[in-house]
Structures are given as C-alpha cells and as structure tokens.
Protein chains: 2
Amino acid sequence: MTIPSMDELNLMHDRICRSVNDPKRLQIMYALDEQPRNVTALAQALDMPQSTASRHLTMLRQRGLVVAERDGSSVIYGLADHRIIEVMNMMRNVLRELVEKQSNAMD
Amino acid sequence: MTIPSMDELNLMHDRICRSVNDPKRLQIMYALDEQPRNVTALAQALDMPQSTASRHLTMLRQRGLVVAERDGSSVIYGLADHRIIEVMNMMRNVLRELVEKQSNAMD
DNA sequence: CTCATGTATTCGGATATGCGGATAGGTGGA
DNA sequence: TCCACCTATCCGCATATCCGAATACATGAG
C-alpha cells in the first residue's frame with residue numbers, strides 16, 4: 001500500500017472521515033449494522049429527534065456509507081458495508097491503547 | 001466486540017475521529033510514519049506554513065496520536081502507534097469500494 | 001549576552017457544522 | 001379524495017474549525 005496522494009486524502013476525508021466525525025453518526029452506524037430500520041424506529045431507539053436522525057442519515061447516504069430502501073411509506077436504512085464497523089472497531093482498539101498509555105504517564 | 005456505549009463513542013470521536021477529520025492531518029500522519037521529523041522539515045516536505053504544521057502537531061499530540069521528543073533546539077515528532085496508519089488504510093479500502101459502487105450506479 | 005534558528009501561540013475573520021421545532025412532501029389505506 | 005403516518009427540508013441560532021501572517025517564546029552556539 002503506497003503513500004496516498006492529496007487527492008486521495010481529500011476524497012477519504014470528504015467521504016469517510018467527515019461521516020465518522022460525529023458521535024451520533026457512529027451510534028447510528030452501529031445501530032444499523034445490528035439491525036436495519038426506518039427513520040422513526042431509529043430515532044426512537046437512539047432517543048433523538050426525528051429530524052436529527054433524518055439529517056444524519058441523509059448525510060451518510062450521500063457519502064454511500066448507508067443504503068436506503070423504500071418499503072411502503074417508510075424507508076429502511078441499512079449499513080452499506082460492514083467493514084465500516086471494522087474500521088470503527090479498530091479505532092476503538094487504538095483508543096484503548098491511548099487511554100492506557102495516558103494512565104501510565106501519570107506515574 | 002460488544003456495541004459501544006455513548007461514553008466510548010464520545011471518547012472515540014474526541015480522540016481519534018476528530019484527529020483524522022482533516023486532510024492535512026492525514027497527510028502529516030502518513031509523513032511521520034514514513035519518517036519522524038521536526039516541525040520545519042515537516043512543513044517544508046508537505047509545503048505548508050510552519051504555523052499550520054505546528055498547530056496540527058499540537059492537536060495530534062494532545063490526543064496522543066503523535067509523540068514529541070526534544071532534540072536540541074528542535075522537536076522531533078513521530079507517530080505514536082502505527083495502527084493509526086492501518087486504520088487509515090482500511091478507510092482507503094472502504095473508499096475504493098464506495099467509489100466503485102458509485103460508478104456502477106451510473107449504468 | 002546576543003544572535004540565529006526552531007517552535008508555539010495569538011489574532012481576526014471566513015467557513016462549516018450541529019441542533020431541533022416547525023413545516024412541507026410523499027405514500028398507502030379507507 | 002381525505003386522512004394518518006412517515007420522511008425530508010427549512011430556519012435561526014450557537015458553536016467549532018481552519019487559516020496564515022505576525023509575534024512571542026525557547027534553545028544552543030559563540
């Protein structure tokens with residue numbers, strides 16, 4: 001894997017990093033990975049206003065991280081690619097190490 | 001790996017997602033992984049103002065993603081954990097799939 | 001002590017982002 | 001066609017983020 005060009009970095013930032021740069025969106029993606037849902041159900045499950053859930057879903061959908069499928073009058077949202085979860089889980093692992101190092105530094 | 005709590009998501013966002021949410025910081029981390037450097041050298045290599053490089057480095061350092069070591073009058077910065085690169089590379093892979101899907105969708 | 005060099009921070013201003021109530025728009029059943 | 005329900009968007013406002021020149025601060029050499 002070579003060193004990425006600025007073009008690739010810009011694209012990566014715009015599509016993925018931005019998407020992941022909000023705790024509620026992280027929460028939404030984990031929830032959708034666990035179980036696809038419509039906006040209302042998602043908003044209720046995560047205890048957030050419908051407009052907030054819809055806004056985030058629209059954003060994630062535009063970036064291609066989330067997929068929408070119409071089902072009657074509602075729209076079922078699902079995760080486009082499970083590897084997004086793997087990316088986030090890897091970030092969790094890195095985080096753990098960071099926190100650990102930080103505690104050691106207090107000695 | 002269990003579903004993360006909001007606390008963990010907030011921490012993850014604050015420490016890692018935020019750090020990664022800027023193309024120049026992505027660039028900086030790849031550069032430091034390839035070769036630790038001082039601020040001036042880094043700024044020159046990446047063709048950005050010294051103040052910009054320093055500001056980003058300070059930010060990454062506070063989050064623990066980057067490590068600083070004094071060497072005389074200069075400060076050598078390096079990547080704290082190579083797995084950060086792995087996270088970014090995984091994002092690149094996901095990105096490729098997204099872009100591919102997007103092209104197919106144009107048929 | 002003074003200078004040269006490298007680093008960190010300040011500053012004003014532009015831009016981006018998030019929020020959530022209110023509202024408009026779409027969909028299917030009766 | 002009317003209604004109930006679900007979804008998307010609008011709006012005003014608050015906050016966060018980034019920039020880069022200028023400036024302050026730190027370090028080591030002479």
Side-chain angles (χ1 to χ4, degrees), chain A residues 6 9-29 31-32 35-80, chain B residues 6 9-29 31-32 35-80:
Chain A
M6 257 331 253
L9 292 181
N10 280 320
L11 197 57
M12 191 163 112
H13 164 251
D14 186 67
R15 296 294 198 81
I16 302 187
C17 300
R18 251 181 163 78
S19 301
V20 159
N21 192 41
D22 184 293
K24 291 187 182 173
R25 283 196 288 271
L26 298 176
Q27 193 188 15
I28 286 174
M29 288 190 279
L32 292 185
Q35 166 74 50
R37 312 165 208 250
N38 65 28
V39 184
T40 304
L42 182 69
Q44 276 179 335
L46 304 187
D47 191 38
M48 62 178 73
Q50 180 267 328
S51 67
T52 298
S54 177
R55 188 166 12 90
H56 285 305
L57 286 171
T58 298
M59 191 275 206
L60 291 173
R61 188 166 175 275
Q62 285 173 340
R63 303 285 194 287
L65 296 188
V66 148
V67 168
E69 181 189 352
R70 178 129 234 144
D71 172 34
S73 69
S74 67
V75 177
I76 309 299
Y77 283 92
L79 206 59
Chain B
M6 255 332 252
L9 291 181
N10 280 321
L11 197 57
M12 191 162 111
H13 164 249
D14 187 67
R15 295 294 198 82
I16 303 187
C17 301
R18 251 181 163 76
S19 301
V20 157
N21 191 40
D22 184 292
K24 291 186 183 173
R25 282 195 290 270
L26 298 176
Q27 194 188 16
I28 286 173
M29 288 190 280
L32 293 185
Q35 167 75 51
R37 311 166 209 251
N38 66 28
V39 185
T40 303
L42 183 69
Q44 276 179 334
L46 304 188
D47 190 37
M48 63 177 72
Q50 180 267 330
S51 67
T52 298
S54 176
R55 188 162 15 88
H56 285 305
L57 286 171
T58 298
M59 190 273 205
L60 292 173
R61 189 167 175 275
Q62 284 172 340
R63 304 283 194 289
L65 296 189
V66 148
V67 168
E69 181 189 351
R70 179 128 233 144
D71 173 34
S73 69
S74 66
V75 177
I76 308 298
Y77 284 91
L79 207 58

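Each chain gets a letter, A, B and so on, in the order its sequence line appears, and its residues count up from 1. From a predicted model like this one, the values you see are computed outputs, not experimental measurements. All heavy atoms count here, side chains included; hydrogens, waters and symmetry mates do not.
- When all heavy atoms of B/Ala80 and B/Val67 are compared, the closest pair comes out as CB-CG2, 3.6 Å.
- The separation between B/Asn21 atom CG and D/dA16 atom C1' is 11 Å, rounded to whole Å.
- By the salt bridge (charged side-chain N to carboxylate O under 4.0 Å, His left out) test, B/Arg63 pairs with no residue at all, sequence neighbours left out.
- Once rounded to the nearest 0.5 Å, the distance linking OG of A/Ser74 with CD of A/Glu69 reads 10.0 Å.
- In this structure, the side chain to side chain contact (heavy atoms under 4.5 Å, CB included) partners of B/Val75, at least two apart in sequence or on a different chain, are B/Ala68, B/Arg70, B/Tyr77.
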Start with the C-alpha gap between A/Leu42 and A/Ile28, add the side-chain angles, then the distance that decides, and say whether side-chain contact (heavy atoms from CB on, under 4.5 Å) holds.
CA-CA 8 Å; A/Leu42 182 69; A/Ile28 286 174; 3.9 Å; yes
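- Atom CG of A/Leu32 and atom CD of A/Gln27 lie 10.5 Å apart (nearest 0.5 Å).
- Nearest-nucleotide mapping onto DNA chain C: of A/Asp22 and B/Asn38, the residue sitting toward the 5' end is B/Asn38.
- A donor-acceptor pair under 3.5 Å is formed between the side chain of B/Asn10 and the backbone N or O of B/Met6.
- Atoms CD (A/Glu69) and P (D/dC6) sit 18 Å apart, rounded to a whole Å.
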Just distance, no hydrogens or angles: give the donor-acceptor pairs under 3.5 Å from side chains in residues 44-57 of chain A, sequence neighbours left out.
{"from": "A/Thr52", "atom 1": "OG1", "to": "A/Arg55", "atom 2": "NH2", "distance (Å)": "3.4"}
{"from": "A/His56", "atom 1": "ND1", "to": "A/Arg25", "atom 2": "NH1", "distance (Å)": "3.1"}

Please list, for nucleotides 24-30 of chain D, all pairs of protein and nucleotide N/O atoms separated by less than 3.5 Å.
{"from": "D/dT27", "atom 1": "O3'", "to": "B/Gly72", "atom 2": "O", "distance (Å)": "3.3"}

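- Of the residues in residues 55-65 of chain A, those placing a heavy atom less than 4.0 Å from an atom of DNA chain C are A/Arg55, A/His56, in numerical order.
- Against DNA chain D, the stretch residues 40-53 of chain B makes heavy-atom approaches under 4.0 Å through B/Pro49, B/Ser51, B/Thr52.
- Residue B/Lys24 places at least one side-chain N or O under 4.0 Å from the OP1 or OP2 atom of D/dG20.
- In the helix from C/dC1-D/dG30 to C/dA30-D/dT1, the terminal helix axes, each the rotation mapping four pairs' C1' atoms onto the next four within five end pairs, subtend 20°, rounded to 10°.
- Nucleotides of DNA chain C lying under 4.0 Å from heavy atoms of chain A occupy a range whose first and last members, 5' to 3', are C/dA16 to C/dG28.
- Every residue meeting the side chain to side chain donor-acceptor pair (under 3.5 Å) condition with A/Asn21, not counting sequence neighbours, appears here in chain and number order: B/His13.
- In terms of the side chain to side chain contact (heavy atoms under 4.5 Å, CB included) criterion, residue partners of B/Leu79 (sequence neighbours excluded) are, by chain and number, B/Met29, B/Asp33, B/Val66, B/Ile84, B/Ile85.
- For the pair B/Pro23 and A/Leu9, the tightest heavy-atom approach, listed with the atom from each and the gap, is O-CD1, 4.1 Å.
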